[in-house]
Amino acid sequence: MNFPIETVRGRFPALSLTDKDRRRIYLDNPAGTQVPQAVADAVSRCLLTTNANLGGFFETTLAAQEVVDGAHAAMADFLGAASAEEIIIGANMTTLTYHMSRTLGRAMKPGDEIIVTRMDHEGNVSPWLQLAEDLGLVVRFLPFDEKSWQVEEAALSALLSEKTRLVALNYASNLTGSINRVKALTAVAKQAGALVYVDAVQFAPHGLVDVQALGCDFLVCSAYKFFGPHMGILWGRRDLIDALKPYKCRCSSNGLPERFELGTPQIELMAGLGAAAGEGGSRRQRIARAFEVSIAYENTLAQKLIDGLSGIAGLTIHGITDPARIGERVPTVSFTVEVIAPETIVRQMNAENIFLWSGHNYAWEIVHQLGIPAGEGVVRIGIAHYNTAGEIDETLEGVRRVVAMLRQQRA
């Protein structure tokens with residue numbers, strides 16, 4: 001079927017905004033997507049009609065509890081969880097990971113080992129490094145293969161030992177776009193008896209997550225990367241989180257998931273979170289079908305972008321470029337150009353209202369493994385399902401022109 005791009009774009013008010021009559025092209029999506037009108041309406045409606053704290057017996061507090069319950073149910077459907085009680089909602093992925101790392105650290109002792117990858121966002125590295133520093137744990141770094149651009153099962157197996165307590169894995173890179181074989185990697189880790197903590201922030205906007213099929217113990221993602229408000233979502237396997245003792249106030253609830261959700265919840269944002277996932281009923285099936293359609297559409301745009309960038313002399317794409325492997329990456333494409341600083345390119349593109357990012361983008365381990373100066377990083381272009389082929393054409397033309405101009409200035 002033809003992708004209904006005009007219908008999709010019509011649901012996102014920001015896509016029609018202009019600056020001095022100049023259109024905007026949003027290709028900054030790996031850092032955060034635009035939101036549909038339904039999400040903004042849900043946030044506004046909550047603030048205006050159900051604005052109360054939880055735990056009372058009057059109408060607004062009862063309605064607020066329905067919002068909170070609805071958000072957890074929506075994310076259970078989105079991630080394929082067995083129960084809404086497995087869903088923990090918080091400020092963002094990094095905050096949730098810090099909180100859960102400290103909770104898990106209660107059961108660890110000096111000499112225990114943690115494995116982190118050189119493919120992960122720093123939000124799934126620093127919490128574990130600092131936990132290890134606090135507790136005297138051993139950290140082992142798992143590199144990605146620079147030919148496949150993925151973490152290989154054999155490399156993980158070689159690092160595992162009887163002392164490995166946890167493996168922190170990346171589902172899809174926010175710099176290279178590569179998708180890891182998380183189910184297979186999890187199976188390897190489980191053979192050694194390790195827990196598996198998965199960062200799915202960059203995968204969740206571009207593919208269907210099924211936590212039960214993956215076999216992992218924890219999975220975390222961010223709503224503002226999939227058209228929702230600024231919130232983080234953490235799924236934890238029920239039997240595991242039920243046995244954990246989190247850091248929390250003495251008099252706060254011991255129920256699930258409340259004992260992991262510190263303080264007063266961001267109820268209005270939870271309303272937007274529920275709206276981002278859509279209505280109940282057959283929601284999981286509708287989400288799955290939507291991904292089938294959007295993946296095919298995004299892959300076409302991504303290959304168009306990759307092909308166009310590949311034709312620019314001196315430009316290196318850091319990630320999978322083989323059309324036969326387009327399904328093994330998300331539509332996030334990063335590149336560098338010989339002797340031209342990424343920020344210089346991005347500033348010129350931004351001046352044309354084409355929104356891109358430069359820098360390491362918190363993919364700190366990736367740039368170091370690849371030998372890319374961390375102070376410079378890469379140019380990153382990230383596609384969402386509301387982008388168009390015409391926008392990709394304009395972006396490619398802009399990159400060609402800007403690179404040629406900067407080279408001429410250096411000559």
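Taking the ring centre of Y247 as origin, the terminal cationic atom of R259 falls outside the region bounded by 6.0 Å and 45° from the ring axis.
Under the 4.0 Å criterion applied to side-chain N and carboxylate O atoms, R165 and E113 are not assigned as salt-bridge partners. Salt-bridge annotation for R400 and E397: absent, with no side-chain N of the basic residue lying under 4.0 Å from a carboxylate O of the acidic one. With respect to D19 and R22, no salt bridge is recorded, no charged nitrogen being found less than 4.0 Å from a carboxylate O. Using a 4.0 Å cut-off between charged side-chain N and carboxylate O, R9 and E6 make no salt bridge. One finds a salt bridge joining R118 and E365 here, because a Lys/Arg side-chain nitrogen approaches an Asp/Glu carboxylate oxygen to under 4.0 Å. Salt bridge absent: E391 and K304 never bring a charged side-chain N and a carboxylate O closer than 4.0 Å. A salt bridge does not link E352 to R24: none of the charged nitrogens lies less than 4.0 Å from a carboxylate oxygen. Salt bridge E279/R283: absent, no basic N to carboxylate O contact under 4.0 Å.
Environment of CD in E343: sparse, with no more than 12 heavy atoms of neighbouring residues, nucleotides or ligands closer than 6.0 Å. No more than 12 heavy atoms of other residues, nucleotides or ligands shown are found within 6.0 angstrom of CZ on R347. By the 6.0 Å contact criterion, CZ on F260 is enclosed, its count of non-hydrogen atoms from other residues, nucleotides or ligands being greater than 12. Counted within 6.0 Å of NZ on K248, heavy atoms from surrounding residues, nucleotides or ligands total more than 12; the atom is thus considered enclosed. Other residues, nucleotides and ligands place no more than 12 heavy atoms under 6.0 Å from the CD atom of Q408. More than 12 non-hydrogen atoms from other residues, nucleotides or ligands lie less than 6.0 angstrom from CD of Q409.
With a 4.5 Å cut-off on side-chain heavy atoms, E261 and H72 count as touching. In this structure, the side chains of M75 and L273 come closer than 4.5 Å at one or more pairs of heavy atoms. The side-chain heavy atoms of I320 and I326, taken from C-beta on, include no pair separated by under 4.5 Å. Residues S148 and R325 are in side-chain contact: their nearest non-hydrogen atoms beyond the backbone lie under 4.5 Å apart. Between E292 and R289, the closest side-chain pair of non-hydrogen atoms falls below 4.5 Å. Considering only heavy atoms from C-beta on, I295 stays 4.5 Å or farther from H206 through its side chain. Proximity of W357 to V379: side-chain heavy atoms (C-beta onward) are nowhere separated by under 4.5 Å. Residues P36 and F227 meet the side-chain proximity criterion, which asks for heavy atoms closer than 4.5 Å.
R45 and T49 are not linked by any side-chain donor-acceptor pair at a separation below 3.5 angstrom, with hydrogens and angles left out of the test. Side-chain atoms of E298 and S294 form no donor-acceptor pair, as typed in the model, at a separation below 3.5 Å. Side-chain atoms of T117 and D120 include a donor-acceptor pair closer than 3.5 Å. D69 and Q65 share a side-chain donor-acceptor pair at under 3.5 Å.
C216 approaches V198 most closely through the heavy-atom pair CB-CG2, 3.8 Å. Among all heavy-atom pairs drawn from L54 and P265, the shortest one is CD1-CG, 3.7 Å. Minimum interatomic distance between M93 and C221 (heavy atoms only, all atoms of both residues): CB-O, 4.5 Å. In this structure, S126 and Y98 approach most closely via the heavy-atom pair CB-OH, 3.6 Å.
By the 30° and 60° cut-offs, the orientation of the rings of F3 relative to Y297 is parallel. The aromatic rings of Y386 and Y26 stand perpendicular to each other, their planes meeting at an angle above 60°, with 30° marking the opposite boundary.
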Do Y197 and T97 pass the side chain to side chain donor-acceptor pair (under 3.5 Å) test, and can you show the C-alpha distance, the side-chain angles, and the key distance before you say yes or no?
-> CA-CA 9 Å; Y197 191 100; T97 301; 2.8 Å; yes
Which is it for E86 and R237 under the salt bridge (charged side-chain N to carboxylate O under 4.0 Å, His left out) test, yes or no, and what are the steps along the way?
-> CA-CA 6 Å; E86 296 181 327; R237 185 163 49 81; over 6 Å; no
Decide yes or no on side-chain contact (heavy atoms from CB on, under 4.5 Å) for L240 and L195, but give the supporting numbers first.
-> CA-CA 10 Å; L240 181 58; L195 296 174; 3.8 Å; yes
Give the C-alpha distance, both sets of side-chain angles, the deciding distance and a yes or no for side chain to side chain donor-acceptor pair (under 3.5 Å) between N299 and Q303.
-> CA-CA 6 Å; N299 284 351; Q303 195 61 57; over 6 Å; no
Under the side-chain contact (heavy atoms from CB on, under 4.5 Å) criterion, do F335 and V337 qualify, and how do the steps go?
-> CA-CA 7 Å; F335 65 87; V337 181; 3.9 Å; yes
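A distance of 9.5 Å separates NE2 of H230 from CG of N92, quoted to the nearest 0.5 Å. Put simply, CG on L160 and CG on L156 are 4.5 Å apart, with the number rounded to the nearest 0.5 Å. Taken from CZ in F144 to OG in S173, the straight-line distance is 7.5 Å, to the nearest 0.5 Å. F141 contributes atom CZ, which lies 15.5 Å from atom CE of M119 (distance to the nearest 0.5 angstrom). The structure places CD1 of I312 at 6.5 Å from CG of L396, a figure rounded to the nearest 0.5 Å. The CG atom of N170 sits 7.5 Å away from the CG atom of N124 when rounded to the nearest 0.5 Å.
Checked against the 6.0 Å centroid criterion, the rings of F226 and H385 do not qualify as a close aromatic pair.
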